[in-house]
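Every chain is numbered from 1, with letters handed out A, B, ... down the list of sequences. Reckoned from all heavy atoms, side chains included, excluding hydrogens, waters and symmetry mates. Keep in mind the model is a prediction, meaning the values are calculated, not measured.
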Amino acid sequence: MPELPEVETISRGLHKRVAGDVIESVWLGSKPEPLKSSAAEIAAALQAKTIIGVRRSGKHIVFDLAPARPGPKSNGAQPAQWIVHLGMTGSMQVCSPDSDRDKHTHAVVALASGRELRFVDPRRFGRLSVVENFAPPGTEPLQISSQNFGKIFRARKTPIKSALLNQKLLSGVGNIYADEALFRAKVRPRRRASSLTHAELALLHKGLKRVLQEAIRLGGSSISDYVDADGEEGFFQLKHRVYGREGKPCLVCKTPIKRVVIAGRSSHYCPKCQK
DNA sequence: ACTATTTCCTGGATGC
DNA sequence: TGCATCCAGGAAATAG
């Protein structure tokens, strides 16, 4: 499931491959559910645009676009960015038009270089849209100051785990890295966000940054099914310390890792190390 | 203004 | 072997 580090890795890979290329045509699947903008709107916004670059914002992939042939009839305020959210199982493939189309292909963008950029998403949680100026709802966890990090959690009664997953607060943190950051901070996921001490918040901030950076360094981690921008299967597996390790010994103290459900999400922690 | 719960979706795993 | 059921999870929608 693509979280911040995976989306970062994918965006970098896409940038390397398609920056500078020109979009010649756009095909969108028959079921429009994955579209936040209308199909016509997306097609119109992408057509005949140069991909200036590809980058990550939160869990979103941002394609920065510019008219391929800057002419006299510049159509005023046209959406200039293509936003892709991969949901859980979405992937972007850069491939030859000859290669077989995956059953769950929802969008195909033909490039002037002769290649195709495909959006594939079996579970359909992914979303496509076009906007003029994308603004993520929350703050980037790798950018936020420790002061602001403390501020956004101090007044929240919700469990710290839920607060970490709230994209309006921090952009890009998902279930895996929330659990991993809480383990590093020695804080249980059910603790109310407002109950964390300054010291715990500082540890959480540091732990979160470290685990995200480590995962980016490793090329993103992934448990299951998707293909990265290179078309290679899966990602380098980050050594998760608690996520997915229910019943297995804590790597620090050997106590069996516990799993509980918080806000519908499985949450893993060491009952001895985390308070 | 918050917070908690439900919903979407499909493939893989599990159980009888 | 085959069929039914459960489960995973991001975020929008809904309810409290």
(message) For the base of C:dG10 and the side-chain ring of A:Phe125, does the geometry meet a stacking cutoff of under 5.5 Å between centres and under 30° between planes?
(response) yes
(request) Kindly state which residues belonging to residues 166-174 of chain A come within less than 4.0 angstrom of DNA chain C, counting heavy atoms of the residue only, listed by number. (result) A:Gln167, A:Gly174
(request) Examine A:Arg118 relative to A:Trp27 and say whether NZ or CZ is less than 6.0 Å from the centre of the six-membered ring and inside a 45° cone about the ring axis. (result) no
Show me the donor-acceptor pairs, under 3.5 Å and distance only, between side chains in residues 143-156 of chain A and residues at least two apart or in other chains.
residue	atom	partner	partner atom	Å
A:Ser145	OG	A:Asn148	N	3.1
A:Ser145	OG	A:Asn148	ND2	3.4

(message) Donor-acceptor pair, distance only, cut-off 3.5 Å: does the side chain of A:Asp21 make one with the backbone of A:Ser113?
(response) yes
(request) Would you confirm whether A:Gln274, through its side chain, and A:Lys272, through its main-chain N or O, come within 3.5 Å as a donor-acceptor pair? (result) no
(message) Tell me whether the side-chain N/O atoms of A:Ser162 come closer than 4.0 Å to OP1 or OP2 in B:dT3.
(response) no
(message) Rounded at 0.5 Å granularity, tell me how far CD1 in A:Ile23 sits from CD1 in A:Ile51.
(response) 4.0 Å
(message) I want to check one thing: is the phosphate of C:dA11, taken as OP1 and OP2, less than 4.0 Å away from some side-chain N or O of A:Lys59?
(response) yes
(message) Can you tell me if A:Lys103 touches the phosphate of B:dG11, counting only side-chain N or O atoms and a distance under 4.0 Å to OP1 or OP2?
(response) yes
Report all side-chain donor-acceptor pairs from residues 255-267 of chain A shorter than 3.5 Å, counting only partners two or more places apart or in another chain.
residue	atom	partner	partner atom	Å
A:Arg259	NE	A:Glu246	OE1	3.4
A:Ser267	OG	A:Lys161	NZ	2.8
A:Ser267	OG	A:Arg265	O	3.3

Might you list the N or O atoms of the protein lying below 3.5 Å from N or O atoms in nucleotides 4-8 of chain C, with each pair's distance?
residue	atom	partner	partner atom	Å
C:dA8	OP1	A:Arg259	NH1	3.0
C:dA8	N3	A:Arg123	NH1	2.7

(request) Salt-bridge test for A:Arg184 and A:Glu214: reply yes if a basic N is under 4.0 Å from a carboxylate O, no otherwise. (result) no
(request) Rounded to 10°, tell me the angle between the two end axes of the helix from B:dC2-C:dG16 to B:dC16-C:dG2, each built from five pairs. (result) 50°
(request) Output the single nucleotide from B:dT10, B:dT3, C:dA11 whose closest atom is nearest the side chain of A:Arg124. (result) B:dT10
(request) Scan for salt bridge (Lys or Arg N to Asp or Glu O under 4.0 Å) pairs involving residues 195-206 of chain A, sequence neighbours excluded, and state none if there are none. (result) A:Arg191-A:Glu200
(request) Report yes if a side-chain nitrogen or oxygen of A:His104 is closer than 4.0 Å to either non-bridging phosphate oxygen (OP1 or OP2) of B:dT10; otherwise report no. (result) no
(message) I'd like to know if A:Arg127 reaches the base of C:dG10 with its side chain, counting only an N/O donor and acceptor under 3.5 Å.
(response) no
(message) Testing A:Val84, A:Leu117, A:Leu14 one by one against A:Val54 for a side-chain contact (heavy atoms from CB on, under 4.5 Å), which residue passes?
(response) A:Leu14
